[in-house]
Amino acid sequence: MESKYNDKIILWSEIGTIFFIVLVALADVCGVTSARYIATEWAGLYDTFSITAFTIVYFLITILAYIVLICVFLLLRNMSRDVVFDKKNTDLIKYVVICLIAAGFAFFGLAFVWGEAGVLSLVAWFVSLVVLSVKVAFDKAIAMKTDLDLTI
């Protein structure tokens with residue numbers, strides 16, 4: 001009974017991940033216009049340098065979002081196959097952490113143009129710390145599982 005419940009959660013999570021991939025693709029299609037809108041209307045910056053900086057960071061973040069979402073989708077796919085404590089999963093989590101750290105640096109760079117981006121930088125780094133903690137827990141569980149497999 002519980003397995004069906006978990007399978008449903010995983011299925012809906014996969015659907016949600018695909019939905020977010022589609023949203024990021026739509027964000028890419030409207031990228032230049034969206035970045036200009038964010039720079040001018042949200043940040044109140046109208047100079048060419050600031051708009052260019054927003055556009056570069058915007059597209060960098062969408063690339064990182066693709067990587068994160070694909071890693072999450074692959075993690076969910078592995079979970080649906082009952083592959084949980086596996087080196088492949090910790091590698092996927094590592095890629096997510098790297099993308100979050102890179103996003104933090106992108107927002108940090110943008111903070112020199114728009115100070116409020118510094119908050120986004122801190123959020124990205126904080127989330128990377130949380131995800132890294134999950135990776136460490138997975139690594140520890142893999143080591144413990146390996147030790148238990150060897151003792152039996």
Side-chain angles (χ1 to χ4, degrees), residues 6-145:
N6 289 336
D7 290 344
K8 285 182 183 179
I9 290 173
I10 291 171
L11 174 66
W12 281 106
S13 298
E14 288 173 343
I15 292 169
T17 304
I18 292 168
F19 173 74
F20 280 107
I21 290 171
V22 170
L23 283 181
V24 173
L26 288 173
D28 270 348
V29 169
C30 305
V32 174
T33 306
S34 297
R36 178 179 295 276
Y37 177 80
I38 293 167
T40 57
E41 299 302 319
W42 288 8
L45 303 169
Y46 298 96
D47 59 296
T48 306
F49 178 76
S50 298
I51 293 171
T52 303
F54 265 89
T55 305
I56 290 168
V57 170
Y58 183 93
F59 282 110
L60 177 62
I61 295 301
T62 60
I63 291 167
L64 295 171
Y66 282 123
I67 296 169
V68 167
L69 289 168
I70 289 168
C71 287
V72 168
F73 184 81
L74 293 173
L75 273 168
L76 290 167
R77 184 62 52 157
N78 288 343
M79 300 280 177
S80 69
R81 295 181 184 135
D82 291 329
V83 178
V84 179
F85 298 112
D86 190 78
K87 177 83 169 98
K88 294 175 197 172
N89 288 345
T90 59
D91 287 343
L92 291 169
I93 295 171
K94 178 179 69 175
Y95 299 140
V96 171
V97 169
I98 291 168
C99 287
L100 288 167
I101 291 170
F105 279 112
F107 287 129
F108 182 76
L110 186 62
F112 290 103
V113 175
W114 181 51
E116 286 84 352
V119 174
L120 296 174
S121 177
L122 291 174
V123 168
W125 287 332
F126 175 75
V127 173
S128 74
L129 180 63
V130 172
V131 175
L132 186 60
S133 299
V134 171
K135 181 195 177 304
V136 169
F138 267 64
D139 284 335
K140 187 69 172 173
I142 291 169
M144 290 171 66
K145 180 179 176 261

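How far CD1 of Ile61 is from CD1 of Ile56: 12.5 Å, rounded to the nearest 0.5 Å.
The two atoms that bring Leu132 and Val97 nearest to each other are N-CG2, 3.7 Å, heavy atoms only. Nearest heavy atom pair, residue Ser50 against residue Leu45, reads CB-CB, 3.8 Å. Contact between Trp125 and Ile101 at its shortest, heavy atoms only, is NE1-O, 3.3 Å.
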What verdict does the side chain to side chain contact (heavy atoms under 4.5 Å, CB included) test give for Val84 and Asn78, after you've listed the backbone C-alpha separation in whole Å, the side-chain angles of each residue and the deciding distance to 0.1 Å? CA-CA 7 Å; Val84 179; Asn78 288 343; over 6 Å; no
Take Leu74 and Ile70 through the test side chain to side chain contact (heavy atoms under 4.5 Å, CB included) and record every step on the way to the result. CA-CA 6 Å; Leu74 293 173; Ile70 289 168; 4.0 Å; yes
Assess whether side chain to side chain contact (heavy atoms under 4.5 Å, CB included) is satisfied between Thr90 and Ile142, documenting all intermediate values. CA-CA 9 Å; Thr90 59; Ile142 291 169; 3.7 Å; yes
Apply the test side chain to side chain contact (heavy atoms under 4.5 Å, CB included) to residues Val136 and Lys140: give CA-CA distance (whole Å), side-chain angles for both, the deciding distance (0.1 Å), then the verdict. CA-CA 6 Å; Val136 169; Lys140 187 69 172 173; 5.5 Å; no
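Using cut-offs of 30° and 60° for the angle between ring planes, the Tyr37 and Trp42 rings count as perpendicular.
Annotation: ring pair (Phe, Tyr, Trp, His ring centres under 6.0 Å) contacts involving residues 44-82, sequence neighbours excluded, comprise Phe54-Trp114. Sequence neighbours left out, not one pair with a member in residues 95-119 passes salt bridge (Lys or Arg N to Asp or Glu O under 4.0 Å).
Side-chain atoms of Asp28 do not come within 3.5 Å of backbone N or O of Gly31 as any donor-acceptor pair.
A 6.0 Å sphere centred on CZ of Phe20 holds no more than 12 heavy atoms belonging to other residues, nucleotides or ligands.
Between Val83 and Lys88, every side-chain heavy-atom pair lies at or beyond the 4.5 Å cut-off.
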